Number of protein chains: 2
Amino acid sequence: MKTDKNQPERRSDALSKARIVEAAIAILDSGGEGALTFRALAARLSTGPGAIYWHVANKNELLGAAADEIIGGVMANVERDAAPQAVIRAIALGVFDAIDRHPWVGTQFSRDPLHSASLQVFEGIGGRLQALGVSERVLFDAWSALVNYILGVAGQNAANARIQPPDTDRAAVLGAIAARCARLDPLEFPFVRQVAAQFRDHDDREQFLAGIDLILAGIATIR
Amino acid sequence: MKTDKNQPERRSDALSKARIVEAAIAILDSGGEGALTFRALAARLSTGPGAIYWHVANKNELLGAAADEIIGGVMANVERDAAPQAVIRAIALGVFDAIDRHPWVGTQFSRDPLHSASLQVFEGIGGRLQALGVSERVLFDAWSALVNYILGVAGQNAANARIQPPDTDRAAVLGAIAARCARLDPLEFPFVRQVAAQFRDHDDREQFLAGIDLILAGIATIR
DNA sequence: ACCTGAACACCGTTCAAGT
DNA sequence: ACCTGAACACCGTTCAAGT
């Protein structure tokens, strides 16, 4: 039985928060954070900037709703029936990959820490640590380390994306950085010089996951 | 023998990059990131906005120079003669405390990863990991985990500060968040509800350091 | 109830004109 | 060489006026 959602109007050009958020996501993904303007958004929706304010309080709320949309989708698809460590890795990678595809999301976690997006991540990580049998005494430390790491990297990646145009060549940027490192004073920066080659060929995602595993290994030592 | 720095002019009202950066830091510290405006800066220096552009390319460079000033001071004061783990903790806490006092600095690490501020942190952490005897194979993982964590938390704290006015009551905010957590659905968010009380009384700095120690413990397991 | 679009109060940045 | 400040091309947001 298909019970039609009895929407008041079927006109596809009627404005709604859902349509506004959808359009905002499209603009953010294709043009980056700088491209989202109330004027650009209004143009895409064939209306004036003022119309958007009837459905959305301000730009902050709009960005929050857009981020919730993305993270909500990620968290809904996390496989929850695996071993606790595996679920923690899946949540972490889910967030990482979402920020990779939609860098602007990374800035939004700190906007309101109790919005559904963040809450789902918080609960997902914390619940698995309990399932892992982490003692009450260190549970809060373990949880905050993981959450700080995951959301911190998300924010850094978002900041990086904001600096670089949406279609920058990652490999070229890494190569340029590595080359500049190799030219540093060997006496002042021996380590950075040495690590430059590895840095050029590294994969952000792998390094991110290695960090998660190091924290999990640390948790295991005091569990 | 006091060899006077033979500066061309002694007039204290002469504009210079140093004076501009100093004034920018004062504005950023007292009013937050939103308060730094070329007009506000010009007013404080009793000149026009255009004059600043003679000494500084744009706002981005200005923020970078200001952040370098702060982090440079922190890194210069790190005690380097202690045990490697202690130095790593000292660097991490130095960065953390600097962002606590000057939240706007936290956004600047990702601006240019090879500016002196970031480089000094990178080298400081990496060098101590080598001193710790971390094997070549896992050195890069260990280093990137620590650096990601330190700069990630810095960025999150900066973002939090940008949302809240510079003189917000921390304890009141934490209390309000904890209260909202306690009202969440116990079936959907059991962990978050349970952790809310601890969250209200937690200390950001202690939690940050606990995370560092967990990563160090993880590194020790594969060293 | 919902939409329109001009207008307001800002930005960063530029640039001709001054000294 | 360095400074001035008006002007340009933008913002987010508001609001009287429309339907």
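Keep in mind it's a predicted model, so treat the numbers as computed, not measured.
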- Presence of salt bridge, Asp100(B) and Arg205(B), under 4.0 angstrom: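 The answer is no: the pair does not qualify as a salt bridge.
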
Using atom [atom1] of [X] as one end and atom [atom2] of [N] as the other, report the distance to the nearest whole Å.
X        : N       : atom1 : atom2 : result
Leu63(B) : dG12(C) : CG    : C1'   : 12 Å
Leu45(B) : dG5(D)  : CG    : P     : 14 Å
Asn58(A) : dT13(D) : CG    : P     : 5 Å
Ile52(A) : dC15(D) : CD1   : P     : 18 Å
Ile20(B) : dC2(D)  : CD1   : P     : 12 Å
Phe38(B) : dA7(D)  : CZ    : C1'   : 17 Å
Tyr53(B) : dA16(C) : OH    : C1'   : 17 Å
Lys17(A) : dA1(C)  : NZ    : C1'   : 18 Å

- Base-pairing mate for dA17(C) - Watson-Crick or G-U, with both contacts under 3.5 Å: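 With both distances under 3.5 Å required, dA17(C) matches none.
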
- Determine which nucleotide pairs with dA9(D), using a 3.5 Å limit on both distances of a Watson-Crick or G-U wobble pair.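 By the stated definition (distances under 3.5 Å), nothing pairs with dA9(D).
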
- Message: Please determine whether a side-chain nitrogen or oxygen atom of Trp54(A) lies at a distance below 4.0 Å from atom OP1 or OP2 of dC3(C).
- Response: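 Negative; the distance criterion is not met.
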
- Task: Assess whether atom CD of Glu69(B) is packed by more than 12 heavy atoms of other residues, nucleotides or ligands within 6.0 Å.
- Result: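 Atom CD in Glu69(B) is not crowded, with 12 or fewer foreign heavy atoms closer than 6.0 Å.
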
- Message: Using 30° and 60° as the class boundaries, would you call the ring planes of His202(B) and Phe140(A) parallel, tilted or perpendicular?
- Response: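 His202(B) vs Phe140(A) ring planes: perpendicular.
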
- Task: On the 0 to 90° scale, with breaks at 30° and 60°, tag the Phe199(B)-Trp143(A) ring pair as parallel, tilted or perpendicular.
- Result: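 Phe199(B) vs Trp143(A) ring planes: perpendicular.
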
- Message: From C-beta outward on Arg39(B), which listed nucleotide comes closest to its side chain: dT13(C), dT13(D), dC11(D)?
- Response: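 That would be dT13(C).
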
- Query: Pro49(B) has a side chain; which of dA6(D), dC3(D), dG12(C) sits nearest to it?
  - Reply: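 Selected nucleotide (nearest to the side chain): dA6(D).
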
- Message: As a quick check of understanding, evaluate salt bridge (charged side-chain N to carboxylate O under 4.0 Å, His left out) for Arg101(B) and Asp29(B), giving each step before the final call.
- Response: CA-CA 8 Å; Arg101(B) 277 191 300 273; Asp29(B) 283 346; over 6 Å; no

- Checking all strands, does Leu36(A) fall into the base, sugar-phosphate, or nothing category for heavy-atom contacts under 4.0 angstrom?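 Leu36(A): backbone/sugar contact only, no base atoms under 4.0 Å.
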
